[in-house]
Amino acid sequence: MAAITLTGLKKSYGNAHVIKGVDIAIEDGEFCVFVGPSGCGKSTLLRMIAGLEDITDGTLDIGGRVVNDLPPKDRGVAMVFQSYAIFPHMTVRENVAFGLTIAGDDKATKDAKVAEAARILQMEHLLDRRPSQLSGGQRQRVAIGRAIVRKPQVFLFDEPLSNLDAALRMDMRMEIGKLHKALGATMVYVTHDQVEAMTLADKIVVLKDGLVQQIGSPMDLYHNPANEFVAGFLGAPSMNFLEVEVVSANGDKAVVRNAALDPVEVPVRVGSAQPGQRARLGIRPQYLAPTPDTEPGQLHGTVMLTERLGSETVVEVQLRDKTPLIAALTRDAVFALGTPVNLGFDPAMTHLFAD
Amino acid sequence: MATISADNHGLRLATRYAVLVLIAIVFIFPLVFMLMSSLKPDQQLLQDTASLRAFLPVGDVSLRNYTAAFDRAPVALFIFNSVLVTGVTVVLSLLVCSMAAFAFVFIGWKGRDFLLTVILATLIVPFETIAIPLLLIASKLPWIGMDGLTWGWLNSYHVQIVPFIADGLTIFLFVQYFKDLPGELIEAARVEGATWPQIYRRIVMPLAGPVLATAAILKFLAMYNQYLWPLMVVQQEGYRPVMVGLQYFFQQNVAWGEVMAYLSMITVPVLAFYLYLQRAFIASIASTGVKG
Ligand SMILES: Nc1ncnc2c1ncn2[C@@H]1O[C@H](COP(=O)(O)OP(=O)(O)OP(=O)(O)O)[C@@H](O)[C@H]1O
Ligand SMILES: [Mg+2]
């Protein structure tokens, strides 16, 4: 059993406060993804869990033990690094068996465990090669093999796929997902790629500037973002934000408008709206669709650019008030550049941030 | 087009080789001169220096100078002493200095930056300035050896070895090299459960081939060429190293042929060591893929 609990965790380098008090509860067997922009402290947090960085303040509990002052080797974790960190002077077999060698396992045990790990990762044929004879994807497998062979309770991944090309990244992403199901271990995974976060996670932790923005399941975060940052970070293309004026407010509903938007009643998601106040209306590109002139609550603009992705067509529209707007339309939507367009949306699917 | 670039390439290669050959000649000719002169009687040796004959085995060539050198001084003993002192110092120095550098680079502890600065500062202190104080200390230190507890280190092997085991330059070389090793390798080993001594032995040292070779060569040359210190601390012939032994050939009138014979003989261990290390150096780069 290895739940991980971070309580009031802080990290400072001198006067630089990198992690500013973080509370996260990761359940046993959960796949938890830390996501956030570059420099937000994801790696630092992961390395604190691994024991590679000192904890300035707060407590870190792994499997019911406070491990603040334990060295990495006593925490029962395995880690996969962005650079793979495979030992260049050892064969793949020796690399994978390294932790077992350190633990003093005999040769027969080691061989059996290495063979098992190699089978799971389909790299039996690589065992006698040297790291310099491997491709990037193969090195990644070796790094993962070295992690799973000891059967630790907790796996830590720091952007393990960011050095791979797009196709390989998708393959490995799926494999890591399967691996999690097969092993049932607790996994903490750092990425700045929101697709990896959405597809892999049981629980996503969105970080910014060393603070937790929101914690929840991928769909929960997608549909109920707690603030504009989370709303803008998850989902691709990212959410559109329109500066609007509140015309009237009625409890959790408000009527908003701006120069390009006909008045429309939307739910207030964050804060409370007062008439005359300025607020931001978030609309995901997927929820926009061209509509006939006569419907209410429309956005008016001009098509600036269309990108055909095959499965959908992404259109950049310049609204009447000159703000840009991205719409993800059906694959056969056809627009000539410069054509005026009216876009409608379901008001229930919008996010009004009135704080 | 292809031929032009091929010609260009050939020309560049030829130039490069010409330069290398020239440099090799500059380095090799003194050695050749030494070897050839060691085979000639003094009078002919001095005459030949005026012409290219100095580099050729011509005239009255024999091994007489060698036998004379053996008669004059216990050459084998001096070479043995030097090889022993140098060899032991090099091995211990590589061990101690690499461990020190390991602690400085990989392990976080209070005061390490300050201490490293102090150690690096010793690089600018010439040995001559500390020679006398060091002599005073060494003459009073206790030692437990085969004769039990004795006081004063003079006239021994260890007085020539111990003061040179830890040295700033060697530590500095290791520190620089270790800093360039990917830190995630060490972190990965730590997470995998390795202790610091295990990381030192299984990860860092196997990757340290190039710096080991560099440090070994520098240390070897410095130790083999020791003169001032052994002159100060060794009065008994039994512990005397090769450079001090050179004195035997500079009494009253100098026998140049014998000097050349002696120098030729004491150069052999240096060349042997150098050639061995060169091979080890290349092998270590080839096997680890870490470039020095
Ligand atoms: N040793 C250090 N001393 C001072 N500041 C540091 C140190 N290490 C990291 N930082 C700072 O801590 C912050 C968080 O770094 P961290 O590596 O955790 O970011 P990250 O979220 O992993 O970013 P990325 O996505 O680029 O990997 C950064 O602003 C970085 O500059
Ligand atoms: Mg990072």
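These values consider heavy atoms only, across backbone and side chains, with no hydrogens, waters or symmetry-generated copies. Source: prediction; values computed, not measured. Quick note on labels: first sequence line is chain A, next is B, and so on, each numbered from 1.
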Is A:M90 close to B:I203 at the side-chain level, that is, under 4.5 Å between some pair of heavy atoms? yes
Side-chain heavy atoms of A:P88 within contact of B:L185, under 4.5 Å: yes
Interface residue of largest heavy-atom contact number with chain B, from [options], under 4.5 Å:
options: A:P71, A:P131, A:P72, A:A50; answer: A:P72
options: A:P152, A:A78, A:A85; answer: A:A85
options: A:M79, A:Q82, A:R150, A:R75; answer: A:R150

Please check if the number of heavy atoms outside [X] that lie under 6.0 Å from its [atom1] is greater than 12.
X: B:N225; atom1: CG; value: yes
X: A:K10; atom1: NZ; value: no
X: B:I144; atom1: CD1; value: no
X: B:F27; atom1: CZ; value: no
X: B:I25; atom1: CD1; value: yes
X: B:F127; atom1: CZ; value: yes

So A:K73 and B:R190, side chain to side chain contact (heavy atoms under 4.5 Å, CB included) or not? Walk me through it. CA-CA 6 Å; A:K73 67 185 178 67; B:R190 288 179 67 195; over 6 Å; no
Contacting region of B:E187 [heavy-atom separation from chain A under 4.5 Å]: both
Measuring from A:L52:CG to B:I186:CD1, what's the distance to the nearest 0.5 Å?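 Between atom CG of A:L52 and atom CD1 of B:I186 there are 11.5 Å.
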What residue among B:E192, B:Q198, B:R202 forms side chain to side chain contact (heavy atoms under 4.5 Å, CB included) with A:T101?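 Running side chain to side chain contact (heavy atoms under 4.5 Å, CB included) over B:E192, B:Q198, B:R202 with A:T101 returns exactly one hit, B:R202.
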At a heavy-atom separation under 4.5 Å, does A:I86 approach chain B through its side chain, its backbone, both, or neither?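 Looking at A:I86, just its backbone touches chain B.
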